[in-house]
Structure formats: structure tokens, C-alpha cells
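Convention: sequence-line order gives letters A, B, ...; per-chain numbering from 1. All values derive from a computational prediction rather than experimental measurement.
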Amino acid sequence: KSTSTSSKGGNTINVGVDYELSNDLAQYGQASLDGIKLAVEEINKAGGVLGKQIKLNIQDNKSDAAEATNVATKLAGAGVVAILGPATSGNVKAVRPVVTQNKIPLITGSATADDVTLTSNGVAKYIFRTCFNDSFQGGSMAKFALENLKARTAVMYIETTSDYSKGLAKSFKEVFTSNGGKILGEEYYQSKDKDFRSVLTKIKGYNADVIYVPGYYNEVGLIIKQARDMGITAPILGGDGFDSEVVPQEAGASLDKVYFTNHYSADDTDPKVVEFRKAFKAKYNKEPNAFHALAYDEMYFLADAIKRANSTDPEKITDALASTKDFKGVTGTLSVDDKHNPIKSVVVVEWKGDKQVFVTKINP
Amino acid sequence: MMLELKDLHVYYGAIHALQGISLKVEEGEIVTLIGANGAGKSTTLNTISGLNRVQNGSIIFNGKDITRMSPPDIVKLGICQVPEGRRIFPNMTVLENLELGAYLRSDKEGIKKDLEDVYRRFPRLLERKGQLAGTLSGGEQQMLAIGRALMSRPRLLLMDEPSMGLAPIIVKDIFNIIKEINQSGTTILLVEQNARMALSIAHRGYVLETGRITLEGPAKELADNPQVQKAYLGG
Amino acid sequence: MGVFIQQLLNGLFLGSIYSLLALGYTMVYGIINLINFAHGDVYMVGAYVGFVATTVLHLGFVPSLILSMAISAVLGIVIEKVAYKPLRNSSRITLLITAIGVSLLLEYITMYIAGPDTRTFPKVLVNHEYTFWGGQISISNMQIYILVISLALMVLLQFIVQRTKIGKAMRAVSIDKDAAQLMGINVDNTISVTFALGSALAGAAGVLVGLYYNSIDPLMGIMPGLKAFIAAVFGGIGSIPGAMMGGLLLGMIETLVSGYINSNFRDAVAFIILILILLIKPSGLLGKNTVEKV
Amino acid sequence: MPPLLTLSDLTKTFGGLSAISNVNIEVHQGEIVGLIGPNGAGKTTLFNLITGVYIPTNGSLTLHGEVEINLAKASPHEIARMGIARTFQNIRLFKNMTVLDNVLLAFHTHVNYSMWEAILHLPSFNKKEAQLKKEALDLLKIFNLDRKRDTLAKNLPYGEQRRLEIARALALKPRLLLLDEPAAGMNPQESAELMELIKWMRKEFNLTILLIEHDMSVVMGICERIYVLDYGSLIAEGSPEQIKNDPRVIKAYLGEV
Amino acid sequence: MSKKMRVSILNVVVLVLVYITVQILISAGIINEYIQLNLFLLAINVILAASLNLITGFTGQFSLGHAGFMAIGAYMSAIFTLKLNLPFPLGIIAAAVSAGIIGILVGIPTLRLRGDYLAIATLGLSEIIRIIALNIDYIGGASGLPDIPRYTNWTWIFFTTVATIVIIRNFIDSSYGRACIAIREDEIAAESAGINIAYYKILAFTMGALFAGVAGALYANYFYMLKPNSFGFMKSIDILVMVVFGGMGSITGSILGAAVLTLLSMYLQNFPEIRMILYGLLLLIIMLYRPQGLMGNKELSWKVLRRGDRNAATINTQ
Ligand SMILES: Nc1ncnc2c1ncn2[C@@H]1O[C@H](COP(=O)(O)OP(=O)(O)OP(=O)(O)O)[C@@H](O)[C@H]1O
Ligand SMILES: Nc1ncnc2c1ncn2[C@@H]1O[C@H](COP(=O)(O)OP(=O)(O)OP(=O)(O)O)[C@@H](O)[C@H]1O
Ligand SMILES: [Mg+2]
Ligand SMILES: [Mg+2]
């Protein structure tokens, strides 16, 4: 079945949004949507793409895989040129067959699992992302822990229902142990938990050099606070899920020796980053987090591909996306590799008070 | 005139349960309401208590129209009911049930005195005052229901088949108690299957048939009426 | 040993939060036999009211708490009047569905107004951590507050329900509404009072827990609501000491499972224990084994 | 003739309360036996023990027949299948089922189609189900309820509910029928009709009946033998004449005339 | 008798017509992929609602764990078709059998627990199922099991749904079904009428679970992807909403309830910002106006549809 071409004629380019806007992942989905909306606003104000305005077709997938498929099918039927989202790897994988069949490109900003862009039949032709995959991010942090922090032992504190968390933990463990480190224990929490003391009591007993907490900011802020309150002093490490002002707000004065891998550091002086942060703050009156930034880049990434393809034909956009070279986004300068992962460097950032401080940069 | 029902119509959904009931109760009387199963006796009492919506007609109590009053307000006026099937509070103790009977009162002394009165009338309740009411036997529950109603010191007491399920010795007691309660100044509207007994203590009576009053008169007259004898007194 | 004691304390404090919610839950539950799914969301609204009171109105802790309890109480009454009262004679499962509707409404209206983001409270109460036993055991003042407050509320509620007139009316209404009316009890008012009380408790819990963890969001009520429901059932439906005990035990079980068995299976093991206990005591720990008299 | 049912040294306590203590009763095939006693004497408790709703604290219950059955070890539904049916003091109908379905349900123990036949609605099922319905209607006709077959049980007036309960019990095709205050809430006229019905039923269905009743005209009118319970113990046993004149019974239960 | 036959034949004819018409519309592309997806989802929900109705509506056992049974079936079928490369019918059978067996296990607590205590136990058991699934790497754990072959098509959907409805309806409409309803009405009276309540409660759970398992299999092999979190507590609630909304104790009600709520959810996709607000509001309004559900405990039948019929009148006044 070939794709509908209804979007070609009009004066707009229809872009589908399939995000987690309600239920448990609503925070992340809505954050992503905020980023996308800002980008669309800027693009349209600047005259659009190929002289056409971007029009978003926003749908809520209720944080559910089947609903994500449902919505994607609807969007495909409505003739969108590309789909942005979903936010999580599982939901992207659920949608993957739909976009493949309908030959529409999909860009996600936060589905990090390695196999999101890889199926049993090779690379998923229509799937792209602006975020790192788990191996790269988890591995980078492992290297940082070993080399910069001279850590020899680690405990991992993982969110049990999240593929992101489990994915990062897996690659952290692989790299950490294969380079001589030792994982003393793996402990688990659940998203929406608020009390972590029992497991932290246990973690305290491990006396590990570092604690790797690949999670999202909501719980991470609380974990850091409670850990420090209980007298756990080891550095706490994480991924781009740490990038939100919620972390210092929740953790307050307890924030100490907290490092995480990210796309940029808030103290980055790159004008692109500075401008984005300013624009975001003006529109939403808060600091952008990783979800905002990655989704913002999603939209520009797509716009860039449409421009280069000089067409709104999804197939051509797909090809353009696949051949992206040195696209300059907020979250880094990105090239798409043959596995549809963005090649961009990762930075390690430390939370110092409510400020992020650049520590080091790790190239792929 | 203490209580007057004027042409009362009540429906349960499509069922026309009361089809124009008119009756009167004078201060100080025992009036009995007899009739077959499903005639509408309980419906009449519940309607007076404010539990049913009146479609048509009116209820006047001491000159006051109470047709659309809420049950608690009606209790406040001094109309209390011993409901059919006892309706005691099974998960509460006997004592708590009695205390609830006095829910609207605040005269501590009076309540205490009435409680003693109830215990004197029903020594079995004193014996079991700490027991959960739900585990009482049927008869014990009936005593509790009557005792509970007395605790509100009603001016008009509506009693729905108070002798149902009671041992003969207690049935006699109950009727004696009803008489006694009446003599100490409480007006009583009594619904009974045990028509013979009811008519023997009542001043006046009404016969109810499928939602209508078919006969009325002094209790003696009714008891002697052959029609009543055949239908309600077992020939 | 120190660790074990710390774990027990962790469980106790976690449990006291469950208890705090379960108390209000069980009150409402006891009287209209309704699984008030919206209870967790009233708790959330209470937290948001506290947030607005402290950040926007710059009120102190106590005024914020009172404001939040008051607004929650009103919210509780309104919910009851609008959503539950018309359905009093319907099946309990129907009411459950309505409660879910109310719960979704509260969650997503809040999300619509305040956004989905996590908010943090300003420090109107300072957290002090006290350590004992050479740092092996640590307790914070907030934990003590919450435990003490929930214990005090339990005693207070138990007193109200068992000893006061309105409490007896509540119980009578819960057993037989018509018979209660015949006693002169105003059923509507009694139910309103119950909802007000239960919801005020939820509001208080919202502020306290919001302050303690310093993190609130529109969906924050779902899990605690569910846990409180479990705790209330566990302790015996309608039993106030039962709710307290159910909450504490649930907290303890969760903590000990994460601490000594496997944090991954925390909820699974907790549920297994819960089900086993229920199988032994089918009406909860302190629930009256109401053998129906045949 | 050996008795149909023997209760020996039967005891049941609730907490500290002895609701039944050391009761010995024999019921013979074909009898109508009365069980009377003051409120709270333990009559209903005795029924509950016989039907397996309560488990005895002590003593034994034996149902005689081709084999002797120890009822204390059986569950209520097994006891029902063995041929003991009952009615309840507080009517327990299936309120939201129709009159017909209430009776049909009680035929369940005699259903002769398999679940597969039912699920596939095979013709054999339809035939057997129609047969059941016919039997049920016949039974309802006896109780004058056939015209209300499609009424929900909860919408019946009280008296008809009592009759339906008896009809439902009969649908089990029992050997022994336990009636707990069947005349409660009936007026004398209705009670008299009920007495006729009970006598007729015994003959027609070859029943043995154990009856709890406070209405003395009913008890004295149809029972051949009467047991009197007081505070959980038997205080008298005998013919209606004997019981009527037994001073202990008069003192505890009947009251002076 | 002949009237019964006539009705049966009428039913069969209508069903065959529906089947063929939809099949033609799908082949012709008039029913596009999106409508088809929602149609299939609707049918799966019908199976779920009808099977839960058997447990909760008819037998009166308050279950909050129906999603657990669905999860078992879904994963089992996915393992059979994806991991073991076995044909779909085997997957469905495995789903039904395994969910049925779990149904027996879940049914056992019903022997001691009642009402909300039972609800908590069933909720707990389904959560246990979900948590175990989260931690089995073989089936993808938290990240889920992707790339499940899409075998579910209109033929499968149609015939399994119809079979489910017919079987449950016929069951209810027999002495066995009456036994279940009697248990709902009064357990003590049911026992005294010779009903083995333990047997029927477990039977109801087993049958209900079995069909939920089948629904799970259809779901797994249609949506490509399974995640344990799709079978959480809220999913059970969603199914319960369909049952209550349609009318507890009415199979046609379950069909209607599932249909209306599926379509509602589909329609509300157009309002992403306020979708859940609208949903909550609608739940509330619907329940307030129709507390007994669309159908109450009546069944929709040709009789009722043909107004003039006298029997229909009695059904309506019940
Ligand atoms: N809640 C109800 N819903 C529907 N119908 C009812 C209801 N209560 C009573 N009825 C019907 O109303 C009529 C009158 O019933 P009511 O209970 O008043 O009779 P009664 O004279 O008290 O009979 P009994 O002697 O059996 O107690 C009966 O036909 C009964 O079926
Ligand atoms: N489940 C129970 N728990 C505690 N006590 C009980 C229970 N069932 C019965 N009793 C007690 O046992 C005694 C006998 O009760 P039972 O119901 O058998 O009396 P009864 O002879 O049937 O009286 P009535 O004629 O009033 O119905 C009563 O005192 C009652 O309080
Ligand atoms: Mg009556
Ligand atoms: Mg009795």
C-alpha cells in the first residue's frame, strides 16, 4: 500500500505526533511535546519548510503500546509525512511495523534501547532518533566512573518497569565489568515510588565506590536526597534522565557528587544551546530538560531532512534522514550512522547546587 | 386529631401500592391496621415516617402537614416506628442500638431513666447489652426494636407486626407492653397479622385490602364482623 | 542488627504514610461501602493546595495545612453530593466506576491547569536527620511527625466513631440507611460529615507527604491511593485501628522484602504475603468476622 | 421403624454461649415433627446444624437410609443432595431471579444434561430443559405462583415469598423438609391454608417434615410430635396434648392461658 | 421449538452476512487500516468484557485482575508463534489453556474471600503476573516483546468473538448458569439448594480466564508488541468499566459496553489535551444517568427489537 500524498498539495506539511500525553508517562510525553511545539513555532515563524507551514497532528497514546499503534495507524491514514514519538522504546517498537508498512519515517527523542532501530531483519529503515542509544550512554558513564572517578566497585539502582533504565544498566555493567570494575549489587525501584530508604539502607551496606542510578529525574531527585540524608556519600551517577531542574529542587542541599551523561551541559556557551534555553524559558517559564531538548531537535532534524529532500514525500524524507551529516542541533552535532543512531559526543555533567557544570566530553 | 391521612396515593414504580388511604388516629388511642399480605400496611407506615414519596394526598400530624418532610424531621416531631423485620443494627451492640433510639434527645437523665425502663420491660436485653445485636435470636431482636423505639419517647408509635416470630409467652407480653405504653400516654398505630390480639387491645381498627381501606370502626365491632372473622381471625 | 532496626524503622515510617491515607479511606469505606478511588486524588489536590498556599500565598506550615484540609473537606463533600449521592441505591461496582470517573477528572483537570510537571515545596518545615548507633540508624523529624500524627488521628477517629453521637450515627447509616432515618438520623448530613472528615485527612496527608518527600505531581495519588485501599482491606474494612495496622504492616512488608529478599519483587512478594494473610483471616486483620446469622 | 434422622448429644457453642447443648432428637419417616421453644432457644441453630451451615461443637447427626450418613462431615450442598431441604426464617430467595428460575435452580441437582450439551445448546439440551421447565411450572401451580413465573422474586409480597421458598425447597425432591417459621407474617386464614398445604405435601411427596413455628394453632394442628427447646436444651417431648399441658412448657414458652 | 429454530437460523444468517460484508469491505479497502484496527480492538474488548461479566456480573465474584489472565494468554501465544514458530491456532489454544489454569489458581481464594477482599486478592494476583513478566528476560522483560507476527485477521477475530459470546450465553442460559447466578444472589441459599458453590465459582473463574486468554492471544498477534505494563491494574479497570457500563448480568450489554467504550476512546483521540478529562466526565455522566448500565440485566434479542411482541413487553418491565 503506498502512502497517501494528500499532504503534498496544500500549503502545510502535516507532521504526526504520537506521544505519551496521559497516564504514567505523561510527564515525559508532554515535555517532549513542549519541545516540539517550540521548534514548530520557530520554524513556522521563520517561513516554514519549503515555504510551507508545519502543522502538527497531535495524538495521545495513553502511555500504552497498543494505543500507540492505534494512533500511528490513524496518523498514517491521515497522510502525515512523518511521525514524532513515542517517547519510550517499547512504544516505538510497537509502532515500528505500522510506519514500516506505511513507509513513513518516525523520529523519537527518547527511545534509547539499542534494538529500537534494529530488528531481526536488520536496520529498521524508517526509525530514527536524536538520543543516544543505551550502549553508548551507559558505556560512557562506566568509562567515566572507572577512569575519572577511579571507581572499582559499583551498585546499580534500577527502575524495574523502565526499558530505559534497564538498558542503561545493562551496558554500564558490561563496560564496567569488562574493564575491571565490579558490580556489587543490583537493586530496583518503581517509577512513582517516593520512599527509597529500605533499599538505600541496603545499598549503604554495599559500600560501593559509586552508585549508578539510571532513572528519570522525578525519582532520582528523591533518591539522591534520601541517600545523602542517610549518610551515603558515594558519587551517584546517571544518564540524561537526570537533566531536569526537578533534581536540584527535590534534592536541595543534598545534591553532592552527582554526575550524569548528557547531550549538552547547561553551562555550555554554544550559542545554539544558549538561544534554545532562552527561547524555552521565555515560552514556558522553566529550564528545559533533556526531553525538551531532544524533542526540539527531533523537529529540526525532520525539517532539515525535508529541506534536503526538497520534498514532502515520506520515502524521500526517510532517505534524507538516513543520510544526515553534521546536523547541528541543540543536543549536539549529529550524523546518522548505518544503524540509524545519531553519532554525537556525550558530555558528563555534574550537578553543583542548582547549576550544571561541564566535566568532560566523551566522543563516540 | 393527632394524625390524619387524606386520600394517600403511593407508587413503587408502576405498582400502585396505596390507592387513596384515609385514616385518623386520635391522641391516646391504639388504632390497628389489619389486612392480608401485600395489602399495603407497611407501605402506609413507611409513608407516614417519610420513607416513601407521596404521589397524592396528605399526612397531617397535630395540625401540621408532614407529607413531604424528611424522616429525621418527622422523628423530631415525635413519630417513631418499630419497622417490619426489626431492622436493628446487627454490627452494633444492644446498648448502642438503644442509644441510637435516643439519637435526637439530649436530656442525659431522661435517657438514663428510659434505658432502665426498657431493661425492666425486657430483662433479656439487659443480659445481652454488650452482645452484637445481629447475633440475637429473632425474638430478642424484636424486643430490641421495640425498646429502641421507646428510647425516643415517641408521641405516636408506629408498630409494624411487632409480634411476628415471637414465642406465645412473649406475644402476650408484647401486647401487654403495647397497652402499657399506650396507657402511659403514647398513641399507637399498630399493624398486625395477629388480628385477634390486635383488635383485643385496640380502640379502633381499619381493614386494608390491596391498597384501599375497606372497613373501619371500633375494634369490638370489627372483631364481631363476620367478614373480618372469616378473613382475618381464622373463622 | 543496626541495619535490621533501621529497616524496621523505614518500614514503620513508610507504613505510617500508608496509614495516614488508609484512615480516611476506611472511614468513607465503612460508611457507604464505597471504594472511593478518588481518595488518593483528594490527597493530591490537598498537596497542590498546600503548594499554592506556601508558594503563592506564602503561608506558614500550619495555616497551609488548615487551608488544605478545609478545601479538601469541601471537595469531598462536593464529590459525594455530585457523584455518589445520586447512586446510593445502585450496586457498589457502579459506584466504583463513578469513583474512577471522579478520580480521572481530578487528576487530569489538575494536570491541565498545573501541567504534568513535578513541583517541589518550599522549605516551610526544615528536615532534621538524627542519627544513632554510630550512624547506623537515622531518623528524621518529619518521619516522627507523620508517625505521631497518624497515630493521633487514629485515636481521634476511633474515639469519634465509637464514642460520639455522630460516630454512632455514621455506623448506623453504614448498616441500614432507612432504619437510621427512623432513628432521626439525617443520613445526608452524616455522610457529608464522613466525607468531609475523610477528605480533610487526605488533604492533611497530601501536605505532609508533599512536604516530606518534597515532590508532587498530578498523578501522585494513584499509587498511594491503591496502597491505602490495600492497607484498609488488609486491616479489615471499616476498622480504624485496622487501617492503621494494615498501613504499618504493608510498609513493613514492603521494606523488609526490598531489604532482605529482592527489591525487584517487592510488590509481588508483598501481595503474596497479603493474600496468604487474607486467606487465613478472610475479613482482614481486625475486620469483624461477621458470620451472617442464618 | 428406624428413624430417618437422629441427633445425639448435639452441642453447639458460640464463644461462651451454648446455643445447643446435648440435644437428642429422632425424626421418623413420614412424621410431621414440631420444634418449639422461646426466642433464642436454639431452634434455628438446630436447623443450621442439620443443614451443615454450622459445624457442631460436639455430638453427631445421622441421616439413615440405605447407608448411614454422618451429616457433621458433609457440606451444605451435599446435605441438600442427600435429601434435606429447608426454608429460612429470614426469607432467602434469589431476589433478582424470576420465580420460575428460583425453582428451576433447585432442580439443578436433578439436571440430566451435561455442560457440553448446555454450552452447545444441542437439541437434547433443549428437550431436557423444556422438561425441567414443565416440572417447575407444575410445582409453581401447586403453590398458586404459576402466573407470576416471570416476576422477580424480590417483587413478590411477603406471603408469596414464603410460598416460593417452600416450592424451591420441594424442587430438591427432598426426603426431609425443614420449615423455619413458615407461618410468620401470615394471618390466621392464611396460616390455615398453609397447614392444609403442608399436610397435602407430606402425602403427595412422601415427605418427613420438621417444623419450627410460634403459631400454636399451626403447631398443635399438624404436628404429631413436638420437641421443646429452652436455652439450648430439650425440656419436653411428646404429643401436642402432652406438650400443651406440660407445666415446664407452659412456664417457659406458652404462658398461662 | 420451531420458533427457537427460526431465531437460531435468523441469528446464523445475520452473522454470516456480517462476516462476509466486513470481509469484502476490508478487501476492498473501504474499511481502512485504522478502522479495521479499532474494529478488532472492539472485538477483543467484547471477549474481555463478556468473560469478566461471567465472573463478576453473573457469578458475583468481584475481580480486579482480569488483565492478568489476558496477559498470560497474550504472552503464551506470543511465545508459541514468535519464539517457537508454531502456528497461530496452537498459540490460541496454549493461551486459553494456560490462562484457564491460572484461572483455577485465582479462583481458589474465592472460596474464602468475598467482596473487596476478593477484589484485592485478584488485583494482587494479576500484579504478581505482571511483575513476574517484567523480570523474565526470555519474553523481553520491561522492554517488551516486539515483532510478534500479525496473524490475527478478520476471520479469527470474528469467529472467536462469536464463539465466546455463544458459549457464554448458552452456559448462562442453562442450569449451570443459573447456579452461578444463584451464588451471586445468595450463597447460603444456593448451597442449601444443593449447589456446590466452590465448584461453580472456580468454574466461572476458569471459563472467564480462558476467554480472556484467547483475547490476549488475538491481541498479541495483532499489535506486534507486548509489554507487561499494558496489563496493569488500569487495564483490569477498563474491562470492568465496559462490563458495568453495558450492564452486569447482560451479555449483549457487555458487547454494547465494549463497543461504545472502544469507539469513545477512538473518538477522544482527537482531543489529546483533554482526552482524559472528557473520559472521566463521560464515565461519571453515563453512570449517573444509567447506573444499571445500558442493558441492566436484560438481554437484547430479536424479541425486544420487534416491539410488538408480547414477550418483549414482559422483558422490558422486569
Ligand atoms: N420496595 C418495593 N418495591 C416494589 N414493590 C413493593 C415494595 N414494597 C412493597 N411493594 C409492594 O407493595 C404492595 C404493598 O406492600 P406492603 O409491604 O405495604 O404490604 P403489607 O401489607 O405490609 O404486607 P405484609 O403483611 O406481607 O407485610 C405489595 O404488593 C408489595 O409487593
Ligand atoms: N452466629 C452466631 N453467633 C453468636 N451467637 C449466635 C449465633 N447464632 C445464634 N446465636 C445465639 O444462639 C441463640 C439461639 O439462636 P437461634 O437463632 O437458634 O434461636 P431460635 O430458637 O431460632 O429463636 P427465634 O425463635 O427467636 O428465631 C441465641 O441466643 C443467639 O443469640
Ligand atoms: Mg408489611
Ligand atoms: Mg429462629
S.K.: Would you compute the distance between atom CG of C:Asp117 and atom CD of A:Gln30 and round it to the nearest 0.5 angstrom?
M.R.: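 Between atom CG of C:Asp117 and atom CD of A:Gln30 there are 8.0 Å.
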S.K.: Output the option from A:Asp195, A:Thr160, A:Val199 having the highest count of non-hydrogen pairs under 4.5 Å with chain C.
M.R.: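 Option with the top pair count is A:Asp195.
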S.K.: Can you tell which of C:Leu104, C:Thr255, C:Thr131 has the highest number of heavy-atom pairs within less than 4.5 Å of chain A?
M.R.: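 Counting heavy-atom pairs under 4.5 Å, the top option is C:Thr255.
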S.K.: Hey, are A:Ser198 and C:Glu254 close enough side-chain-wise for a donor-acceptor pair under 3.5 Å?
M.R.: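 Result is no, nothing qualifies.
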S.K.: Does C:Thr118 form a side-chain contact (heavy atoms from CB on, under 4.5 Å) with A:Gln27? I'd like the steps, not just the answer.
M.R.: CA-CA 8 Å; C:Thr118 303; A:Gln27 277 204 23; 3.0 Å; yes
S.K.: With chain C, which of A:Arg197, A:Gln226, A:Lys225 has the greatest number of heavy-atom pairs at distances under 4.5 Å?
M.R.: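 Highest number of pairs under 4.5 Å: A:Arg197.
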S.K.: Taking non-hydrogen atoms and a cut-off under 4.5 angstrom, which of residues 207-215 of chain C neighbour chain A?
M.R.: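 Contacts with chain A: C:Tyr212, C:Tyr213, C:Asn214, C:Ser215.
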S.K.: Where on A:Leu21 is there a heavy atom nearer than 4.5 Å to chain C: the side chain, the backbone, both, or neither?
M.R.: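 For A:Leu21, the contact with chain C is made by the backbone alone.
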S.K.: Could you tell me which of A:Ile158, A:Asn218, A:Asp24 has the largest number of non-hydrogen atom pairs under 4.5 Å with chain C?
M.R.: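 The candidate making the most pairs under 4.5 Å is A:Asn218.
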S.K.: Counting neighbours of NZ on A:Lys283 that are heavy atoms of other residues, nucleotides or ligands and sit closer than 6.0 Å, is the number greater than 12?
M.R.: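 Counting other residues, nucleotides and ligands, NZ of A:Lys283 exceeds 12 neighbours.
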S.K.: Report, in residue-number order, which members of residues 3-12 of chain C are under 4.5 Å from chain A by heavy-atom distance.
M.R.: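 If one takes a 4.5 Å heavy-atom cut-off, the residues of residues 3-12 of chain C near chain A are C:Val3, C:Gln6, C:Gln7, C:Asn10.
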S.K.: If you count heavy atoms of other groups shown closer than 6.0 angstrom to NZ of A:Lys170, is the number above 12?
M.R.: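 No, because the 6.0 Å sphere around NZ of A:Lys170 holds 12 heavy atoms or fewer from other groups.
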S.K.: If you check every heavy atom in residues 244-258 of chain A against those of chain C, which residues fall under 4.5 Å?
M.R.: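 The stretch touches chain C at A:Val246, A:Gln249, A:Glu250.
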S.K.: Enter the distance from A:Phe196:CZ to C:Ser258:OG here, rounded to the nearest 0.5 Å.
M.R.: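 The distance works out to 11.0 Å.
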S.K.: Give the interface residues of residues 200-214 of chain A toward chain C, defined by a heavy-atom separation under 4.5 Å.
M.R.: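 The list, in residue order, reads A:Thr201, A:Lys202, A:Lys204.
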S.K.: Check whether any side-chain heavy atom of A:Lys192 lies under 4.5 Å from a side-chain heavy atom of C:Leu219, and answer yes or no.
M.R.: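 Yes, close enough: below the 4.5 Å cut-off.
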S.K.: Grab the two heavy atoms, one from A:Glu187 and one from C:Ser263, that are nearest each other, plus how far apart they are.
M.R.: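 Smallest interatomic distance, heavy atoms only, reads OE1-OG, 2.6 Å.
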S.K.: Please examine the side chains of A:Gln190 and C:Asp267, heavy atoms only from C-beta on, and report whether any two atoms are closer than 4.5 Å.
M.R.: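 Heavy-atom side-chain distance check passes, below 4.5 Å.
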S.K.: Select one option (side chain, backbone, both, neither) describing which atoms of C:Phe13 are under 4.5 Å from chain A's heavy atoms.
M.R.: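 Neither part.
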S.K.: Between A:Asn23 and chain C, which part of the residue has a heavy atom less than 4.5 Å away: side chain, backbone, both or neither?
M.R.: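 Interface part for A:Asn23: both.
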S.K.: Could you check which of C:Met220, C:Glu107, C:Arg266, C:Arg119 has the highest count of heavy-atom pairs closer than 4.5 Å to chain A?
M.R.: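 When all of C:Met220, C:Glu107, C:Arg266, C:Arg119 are compared, C:Arg266 has the most.
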S.K.: How long is the straight-line distance from CE of C:Met111 back to OG of A:Ser22, given to the nearest 0.5 Å?
M.R.: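 With rounding to 0.5 Å, OG (A:Ser22) is 7.5 Å from CE (C:Met111).
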S.K.: Tell me whether C:Tyr112 at atom OH has more than 12 heavy atoms from other residues, nucleotides or ligands lying less than 6.0 Å away.
M.R.: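 Check fails, neighbour count at 12 or below.
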S.K.: Can you tell me how far the CG atom of C:Asn264 sits from the OG1 atom of A:Thr161, to the nearest 0.5 Å?
M.R.: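 Result: 10.5 Å between the selected atoms.
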